[in-house]
Amino acid sequence: MANENISVIKIGDILLVTMPPNPDDVTISLLQEKVLTNLEQYQSKGLILDISLVETLDSFFARTLTETALMIRLMGGRMIVAGMQPSVAITATQLGLSLGKAVAALDVDRALAMFRDGDSQGSLR
Amino acid sequence: MSAVKTGQVRIDSESDLVLVRKVVREAATELGFGLTDVTRIVTAASELARNAYIYAGGGVLDWRTINNAGHQGIELTFGDHGPGIPSIELAMQPGYTTGSGLGLGLPGAKRLMDEMEISSEPSVGTTVVVRKYLRG
């Protein structure tokens, strides 16, 4: 039904992961596994999670995101969540969800810039 | 005045949660809700369907379009034959959970929707009804 694949692309020392529009629980759980395996394999310093296609962000998805962000942080990396749809942001706020240790960016381009700037100015915390 | 539309989705497995979201999204969109309200309704449905699956091992979603004193809307009823909720008051507190979730599902669904009713009996089951009306 919606068990589509998560795409993982390596851009320099950053991983770009794109979530499909309507991931099921298995796919969401798979995200964590895929991310951590790839981070370790490529020694990436960060992850950009592109959720611009995601239409529903419930508490299960949110919890997986914050857990993943914490894991990445523990490994010394950074996670940026990019492209959250406005309707999803409004709903997430009303639901009381947060991104935990992850930072948000309006889109992937800005997320990439944040990693680059973080390099030179150490501003990405 | 359009005819009442109804539907049912059995929640027997994890993959049924995706079906619940799909069906509710279609129903809410067809009824005329805007994108943000559709997102609210689908997210509330996702939380409640997940609760039924996690705590009761499954349940049923019955949905229908409603008309309350001229206000059109959608009503979602989640029923299960699970362990029931011992204290609805506790369950409604954000962060409170007897599982491993965030504890935001019930209070969150209430905030996202316009109306919510919960009836539960220990060892018998739980029924959660939520409604949202079109604005204007």
Side-chain angles (χ1 to χ4, degrees), chain A residues 1-6 18-34 50-71 79 81-102 104 106, chain B residues 9 11-26 28-29 33-55 58 78 91-97 99-114 116 130 132:
Chain A
M1 185 138 347
N3 201 355
E4 299 149 58
N5 283 327
I6 304 165
T18 304
M19 285 304 284
N22 295 302
D24 57 9
D25 283 14
V26 173
T27 305
I28 292 172
S29 301
L30 203 59
L31 164 70
Q32 245 175 28
E33 228 181 272
K34 268 193 145 174
D50 180 1
I51 61 169
S52 58
L53 295 176
V54 173
E55 300 175 324
T56 312
L57 185 72
D58 65 6
S59 62
F60 174 76
F61 196 164
R63 186 161 66 93
T64 306
L65 286 188
T66 54
E67 260 181 21
T68 308
L70 181 54
M71 287 178 190
M79 173 166 148
V81 176
M84 186 181 289
Q85 292 182 9
S87 53
V88 172
I90 292 173
T91 302
T93 305
Q94 274 191 297
L95 201 44
L97 304 176
S98 79
L99 294 176
K101 297 269 178 221
L106 281 178
Chain B
V9 181
I11 305 164
D12 292 322
S13 67
E14 231 170 40
S15 53
D16 289 329
L17 298 181
V18 178
L19 183 57
V20 164
R21 292 196 286 265
K22 178 173 183 287
V23 168
V24 171
R25 181 171 293 276
E26 279 168 11
T29 304
F33 283 101
L35 180 57
T36 304
D37 274 343
V38 168
T39 306
R40 287 184 172 111
I41 298 167
V42 172
T43 305
S46 191
E47 297 293 334
L48 297 177
R50 182 182 302 281
N51 277 357
Y53 175 68
I54 298 218
Y55 296 103
F78 294 85
M92 288 299 292
Q93 280 177 23
Y96 178 83
T97 178
S100 57
L102 292 178
L104 298 174
L106 273 182
K110 182 168 185 180
R111 254 199 314 277
L112 293 173
M113 304 295 279
D114 294 333
M116 176 153 116
V130 286
K132 196 157 187 79

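Worth saying up front: this structure is predicted, and the values here are computed from it rather than measured. Lettering of chains follows the sequences in order, A, B, ..., and the numbering in each one begins at 1.
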[X] versus chain A, heavy atoms under 4.5 Å apart: side chain, backbone, both or neither?
X: B:A44; result: neither
X: B:R40; result: both
X: B:L17; result: side chain
X: B:R111; result: both

Applying a strict 4.5 Å limit to non-hydrogen atoms, the region of A:L95 in contact with chain B is both

B:L102/A:L97 under side chain to side chain contact (heavy atoms under 4.5 Å, CB included): CA gap, chis, key distance, verdict:
CA-CA 9 Å; B:L102 292 178; A:L97 304 176; 3.9 Å; yes

Just checking, any donor-acceptor pair under 3.5 angstrom between side chains of A:Q32 and A:T64?
no

Whether A:R63 side chain and B:S100 backbone form a donor-acceptor pair below 3.5 Å
yes

What are the two closest heavy atoms between B:Y55 and B:G99, and how far apart are they?
OH-N, 3.4 Å

Check against side chain to side chain contact (heavy atoms under 4.5 Å, CB included), A:Q85 and A:V54:
CA-CA 7 Å; A:Q85 292 182 9; A:V54 173; 5.9 Å; no

